[in-house]
Amino acid sequence: MAFSGKAIIVKLAYRHGVDAVTLIMYRMLFSLPLFLAIAWWAGRGRPPLSWRDRGMVAMLGFTGYYLASFLDFVGLQYVSASLERLILYLNPTLVLLLGWLLMRTPVTARQGRALAVSYAGMLLVFGHELTLSGPHVALGAALVFGSALSYAVYLIYSGSEVKRLGALRLTGLASSVACVLCLLQFIVLRPLAAAQVATPVLWLSLANALVCTVAPVLMVMMAIERLGAAATAQIGMVGPLSTILLGVWLLGEPFTPWVLAGTVLVLAGIWLLARAPRPAPLAAA
């Protein structure tokens with residue numbers, strides 16, 4: 001639910017004329033000191049990182065928090081918060097598909113039906129929004145889907161690393177990498193004068209950093225440590241519903257039968273996927 005509030009905060013901030021690069025810079029600027037403190041605290045008395053661990057931390061920080069966040073922020077300029085959250089909640093299906101492509105984990109017929117149900121729900125809302133808002137919705141949906149795909153890659157590869165480094169240490173290190181990348185991106189793409197934004201944007205960014213970034217990132221990493229990547233991706237089915245309700249309440253987004261039907265289908269597909277038996281991975285060739 002904390003992750004879900006990010007889309008609402010971003011939409012509210014866009015009303016003050018800020019762009020995605022500047023907005024994500026402030027989010028990560030406020031988050032960076034907390035992530036550095038987490039990395040220091042969790043790493044006390046632990047052996048230094050190997051070169052392999054450093055490479056994995058850099059890769060996870062890039063895919064899981066930098067690229068996924070940037071694509072999501074840009075996509076939210078074109079789609080509603082409701083559609084954004086439904087696309088992001090396809091994450092378990094993407095973890096399953098990437099497991100099939102990268103780890104040779106077979107997909108059962110029951111899992112295939114769950115995938116079909118989830119994507120039918122997302123396409124239902126996407127098609128309805130496309131008729132209301134025009135073709136730019138397709139660009140926004142593609143960007144948000146890219147964000148979900150990037151985060152799915154992070155979930156798959158973080159499972160083994162979190163067991164080596166621990167949830168808090170990996171979270172602090174990988175997130176700090178993402179924060180630095182977002183700050184560098186702003187320096188390269190924007191003049192320093194672009195950092196002058198309306199005061200409400202600063203407060204919204206602070207809330208985004210504390211409530212919708214640091215807190216849920218920690219919870220997700222600790223969940224991966226205890227439950228594994230797949231189960232973590234399947235939990236939190238209340239997320240799309242909370243985003244839709246907040247969008248209706250705070251943003252004035254329409255709550256139509258199409259949105260309701262699409263949400264029900266996406267959640268039903270994730271529920272079916274969670275109940276489907278998981279076959280053992282095929283042996284490597």
Side-chain angles (χ1 to χ4, degrees), residues 3 21 24-74 88 91-92 94-105 146-189 209 213-233 280-285:
F3 266 139
V21 173
I24 197 172
M25 181 274 293
Y26 271 115
R27 178 201 190 195
M28 295 308 201
L29 178 65
F30 292 140
S31 301
L32 180 57
L34 295 172
F35 284 130
L36 288 174
I38 291 169
W40 170 79
W41 178 269
R44 292 175 307 150
R46 304 285 297 275
L49 298 182
S50 66
W51 283 106
R52 176 198 173 279
D53 289 332
R54 293 176 187 180
M56 284 297 296
V57 165
M59 188 274 287
L60 293 174
F62 177 82
T63 59
Y65 300 123
Y66 165 70
L67 184 60
S69 295
F70 179 69
L71 293 175
D72 185 38
F73 271 54
V74 177
L88 291 184
N91 225 274
L94 292 174
V95 170
L96 179 66
L97 291 174
L98 287 176
W100 172 62
L101 289 172
L102 301 176
M103 311 293 184
R104 300 187 63 195
T105 304
S147 171
L149 185 62
S150 180
Y151 194 69
V153 171
Y154 159 79
L155 284 175
I156 286 179
Y157 286 103
S158 65
S160 60
E161 197 66 18
V162 76
K163 294 177 181 178
R164 290 167 52 84
L165 300 181
L168 291 181
R169 192 181 187 191
L170 180 59
T171 297
L173 291 171
S175 301
S176 296
V177 169
C179 290
V180 172
L181 289 174
C182 289
L183 295 176
L184 291 175
Q185 175 181 258
F186 175 81
I187 293 172
V188 171
L189 298 180
T213 303
V214 176
V217 160
L218 285 174
M219 288 186 276
V220 165
M221 290 305 297
M222 288 188 287
I224 291 175
E225 187 176 41
R226 290 159 174 78
L227 303 175
T232 299
L282 295 176

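These numbers come from the heavy atoms of this one structure, side chains and all, not from hydrogens, waters or symmetry mates. In what follows, residues are counted from 1 in the order of the sequence shown.
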query: Taking atom CH2 of Trp100 and atom CG of Leu97, what is their separation to the nearest 0.5 Å?
result: 7.5 Å
query: Between atom CG of Leu60 and atom CG of Leu170, what is the distance when rounded to the nearest 0.5 Å?
result: 6.0 Å
Residue pair Ser147 / Ala68: nearest heavy atoms and the distance that separates them: OG-O, 2.6 Å
task: Report the distance from atom OG of Ser176 to atom CG of Leu181, rounding to the nearest 0.5 Å.
output: 11.0 Å
- prompt: When rounded to the nearest 0.5 angstrom, what distance separates CG in Leu71 from CG in Leu149?
  reply: 9.5 Å
- request: With rounding to the nearest 0.5 Å, note down the distance linking CG in Leu165 to OG in Ser50.
  value: 8.0 Å
Student check: side-chain heavy atoms of Leu173 and Leu49 closer than 4.5 Å: yes
query: Within a strict 4.5 Å, meaning less than it, do heavy atoms of the Phe70 and Val21 side chains meet?
result: yes
field: Student check: side-chain heavy atoms of Phe35 and Thr213 closer than 4.5 Å
entry: yes
- line: Smallest heavy-atom separation, Met56 atom then Tyr157 atom, equals CE-O, 3.7 Å
- prompt: Hey, is the main chain of Gly146 close enough, under 3.5 Å, to the side chain of Ser150 for a donor-acceptor pair?
  reply: no
- request: Search all heavy atoms of Leu98 against all heavy atoms of Ala152 and return the closest pair with its distance.
  value: CD1-CB, 3.8 Å
Side chain to side chain contact (heavy atoms under 4.5 Å, CB included) assessment of Arg169 paired with Arg164: CA-CA 10 Å; Arg169 192 181 187 191; Arg164 290 167 52 84; over 6 Å; no
- prompt: Which distance, rounded to the nearest 0.5 Å, do you find between the CG of Leu168 and the CH2 of Trp40?
  reply: 13.0 Å
- request: Heavy atoms only: give me the nearest Val57-Ala174 pair and the separation to one decimal.
  value: CG1-N, 3.8 Å
Test side chain to side chain contact (heavy atoms under 4.5 Å, CB included) applied to Arg27 and Ser69, step by step: CA-CA 10 Å; Arg27 178 201 190 195; Ser69 295; 3.0 Å; yes
field: Closest non-hydrogen atom pair, Tyr151 against Gly64
entry: CD1-O, 3.3 Å
Closest contact, heavy atoms only, Ala39 versus Gly172: CB-C, 3.8 Å
